[in-house]
K.L.:
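So that we are looking at the same thing, I have put the structure below in structure tokens.
These figures come from a predicted structure and were not determined experimentally.
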Amino acid sequence: MALNFKTGWDIALTKYVNKYGQYQAFLDTLTPLLIEQAFSDANSRFTDPAAADFIRTVVASGTEAYTIEQGSHQVEDLPSGGFCLHFTGRNSANVAFHFYIVQNLDGTPKIIKITYFDKKSKKLVTSERA
């Protein structure tokens, strides 16, 4: 896979621990292999061009590699009940993508939504899993 993991991607950031409380347990739930599997599973499941490109690039074994900056963090309520977490990646155009995940019955993560800020339109883009 064309994916790099930033040094410290799986360590809780002090500024967020001070603001939101301890969340290292969430970071400990994901490994690089689980993230790679989540991207493979998400391939062809998102229609937004930029979100789909991020996944296609990561799944390909090309020369361009994107980066995971921070592992699973920031608990968020789901409209249907329960919660999800997200992890953050960045592409070569320096756009940060947030990958929202839930847990499959076998414990593996499933990407259900992707958001990013589109610099051209100056809007937050949300892409839901098809």
K.L.:
How long is the gap from OG1 on Thr115 to CG on Leu124, to the nearest 0.5 Å?
P.N.:
5.0 Å
K.L.:
So how far is it from Ile101 CD1 to Phe26 CZ, rounded to the nearest 0.5 Å?
P.N.:
10.5 Å
K.L.:
With sequence neighbours excluded, give me every salt bridge (Lys or Arg N to Asp or Glu O under 4.0 Å) pair touching residues 53-82.
P.N.:
Glu69-Arg90
K.L.:
Under a 4.5 Å cut-off applied to non-hydrogen side-chain atoms, are His73 and Thr88 in contact?
P.N.:
yes
K.L.:
What residue pairs, at least two apart or across chains, pass salt bridge (Lys or Arg N to Asp or Glu O under 4.0 Å) with a residue in residues 117-127?
P.N.:
none
K.L.:
Which residues satisfy the ring pair (Phe, Tyr, Trp, His ring centres under 6.0 Å) test with Tyr23, sequence neighbours excluded?
P.N.:
none
K.L.:
Determine which pairs satisfy salt bridge (Lys or Arg N to Asp or Glu O under 4.0 Å) with at least one residue from residues 95-116, sequence neighbours left out, and list them in order.
P.N.:
none
K.L.:
Out of curiosity, Asp10 CG to Phe5 CZ, how far, rounded to the nearest 0.5 Å?
P.N.:
9.5 Å
K.L.:
Excluding sequence neighbours, so at least two apart, what forms side-chain hydrogen bond (donor to acceptor under 3.5 Å, both in side chains) with Thr31?
P.N.:
none
K.L.:
Would you list the pairs meeting salt bridge (Lys or Arg N to Asp or Glu O under 4.0 Å) in which at least one residue belongs to residues 17-27, sequence neighbours left out?
P.N.:
none
K.L.:
Name all residues meeting the side chain to side chain contact (heavy atoms under 4.5 Å, CB included) criterion together with Tyr20; count only those two or more places apart in sequence or in a different chain, and write none if there are none.
P.N.:
Tyr16
K.L.:
Go through the structure and list residues passing side chain to side chain contact (heavy atoms under 4.5 Å, CB included) with Thr7, not counting sequence neighbours.
P.N.:
none
K.L.:
Looking at residues at least two apart in the chain, or sitting in another chain, which of them share a side chain to side chain contact (heavy atoms under 4.5 Å, CB included) with Ala50?
P.N.:
Asp48, Phe97, Tyr116
K.L.:
What is the minimum heavy-atom distance between Ile114 and Ala51, and which atoms define it?
P.N.:
CD1-CB, 3.9 Å
K.L.:
So if you build clusters from Ile, Leu, Val, Met, Phe, Trp, Tyr with side-chain heavy-atom gaps below 4.5 Å, do Phe87 and Val75 land together?
P.N.:
yes
K.L.:
When rounded to the nearest 0.5 angstrom, what distance separates CG in Leu85 from CD in Gln103?
P.N.:
9.0 Å
K.L.:
Rest of the hydrophobic cluster containing Val102 (Ile/Leu/Val/Met/Phe/Trp/Tyr, side-chain heavy atoms under 4.5 Å)?
P.N.:
Leu78, Tyr100, Ile112
K.L.:
Look up atom CH2 in Trp9 and atom OG in Ser72, then write down how far apart they are to the nearest 0.5 Å.
P.N.:
7.5 Å
K.L.:
Side chain to side chain contact (heavy atoms under 4.5 Å, CB included) with Ala93: which residues, sequence neighbours excluded?
P.N.:
Asn91, Val95
K.L.:
Under 3.5 Å, side-chain donor or acceptor atoms of residues 34-42 against the rest of the protein: list the pairs with distances, not counting sequence neighbours.
P.N.:
{"residue": "Ser40", "atom": "OG", "partner": "Glu36", "partner atom": "O", "Å": "3.3"}
{"residue": "Asp41", "atom": "OD2", "partner": "Arg129", "partner atom": "NH1", "Å": "3.3"}
{"residue": "Asp41", "atom": "OD2", "partner": "Arg129", "partner atom": "NH2", "Å": "2.8"}

